[in-house]
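Here is the structure we will look at.
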Amino acid sequence: MATITIRNLDETVKRKLQVRAALNGRSMEAEARALLSGLVNEGHATSAPEEDLGSAIHRRFATIGGVDLPIPPRQFSSRPANGRAEDHSKNEKQDEGLGTAIHKLFTPLGGVELQIPTRRKSHRPIPTFD
């Protein structure tokens, strides 16, 4: 049998465990063993959410009827996998970016205008290594 030590246990948790053990006619150690065995043997993963994020968002907005948005066709980059642009890609018209596509999707719904501050230059001087 293995031994486990639990440090920094809240006093109220310890008191509740004592009361529960007394009600069940067991020692506090036996009660803790029974509780841990029961939790582990149930097979419920407490760390996994019961519902994923996408389902939660869908459930929340389904009551107002949702929104049908047109899904644009997938566009692939004209850049080769090695990251170097070829000569023929310079002459092609640049496709719109993801931000522009998202903006076009949400514009019919009223959209949201965000004020994005311009990026300021660092106040730190460039170090010189003399």
Side-chain angles (χ1 to χ4, degrees):
M1 287 278 171
T3 303
I4 185 172
T5 302
I6 302 173
R7 291 185 179 85
N8 300 324
L9 185 64
D10 190 12
E11 188 64 33
T12 57
V13 173
K14 180 186 171 200
R15 293 281 182 217
K16 289 180 181 181
L17 184 61
Q18 283 177 330
V19 170
R20 186 178 176 127
L23 291 173
N24 291 327
R26 294 188 265 218
S27 69
M28 206 167 72
E29 183 179 343
E31 186 67 22
R33 230 185 346 264
L35 286 170
L36 287 171
S37 296
L39 287 173
V40 170
N41 292 332
E42 282 180 9
H44 294 294
T46 57
S47 62
E50 293 179 11
E51 184 177 36
D52 63 358
L53 179 61
S55 298
I57 292 170
H58 176 74
R59 183 179 41 78
R60 175 166 289 197
F61 290 103
T63 58
I64 60 172
V67 176
D68 292 325
L69 297 175
I71 299 175
R74 180 174 274 191
Q75 298 174 353
F76 295 98
S77 174
S78 60
R79 286 187 172 178
N82 62 9
R84 294 188 319 217
E86 301 293 327
D87 290 326
H88 68 277
S89 65
K90 291 180 183 177
N91 297 333
E92 294 177 8
K93 183 181 175 185
Q94 180 69 26
D95 292 333
E96 67 183 27
L98 177 62
T100 305
I102 292 171
H103 179 75
K104 284 182 180 178
L105 283 175
F106 286 99
T107 299
L109 300 174
V112 175
E113 293 296 327
L114 299 176
Q115 298 298 323
I116 301 173
T118 57
R119 193 170 171 187
R120 68 178 186 90
K121 294 186 178 186
S122 176
H123 63 281
R124 296 181 188 159
I126 298 174
T128 57
F129 301 101
D130 294 325

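All residue numbers in this chain count up from 1 along the given sequence. FYI, side chains are in, hydrogens and waters are out, and symmetry mates aren't considered; it's all heavy atoms of this structure. Model, not experiment: these values are computed from the prediction.
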>> Taking Leu35 as the starting point, is it possible to reach Met28 by hopping between hydrophobic residues whose side chains are less than 4.5 Å apart?
In response: yes
Would you say Lys16 and Arg20 make side-chain contact, with heavy atoms under 4.5 Å?
no
CG (Asn41) and CG (Leu36) are apart, to the nearest 0.5 Å, by 10.5 Å
CD1 (Ile4) and CD (Glu29) are apart, to the nearest 0.5 Å, by 11.5 Å
Problem set entry | Neighbour count >12 (heavy atoms, 6.0 Å) for atom CD1, Ile71 | no
d(Glu31 CD, Leu23 CG) to nearest 0.5 Å is 8.5 Å
| Got a donor-acceptor contact below 3.5 angstrom from the Asp52 side chain to the Ser55 backbone? | yes
For Ser27 and Ala21 the tightest heavy-atom approach is O-CB, 3.6 Å
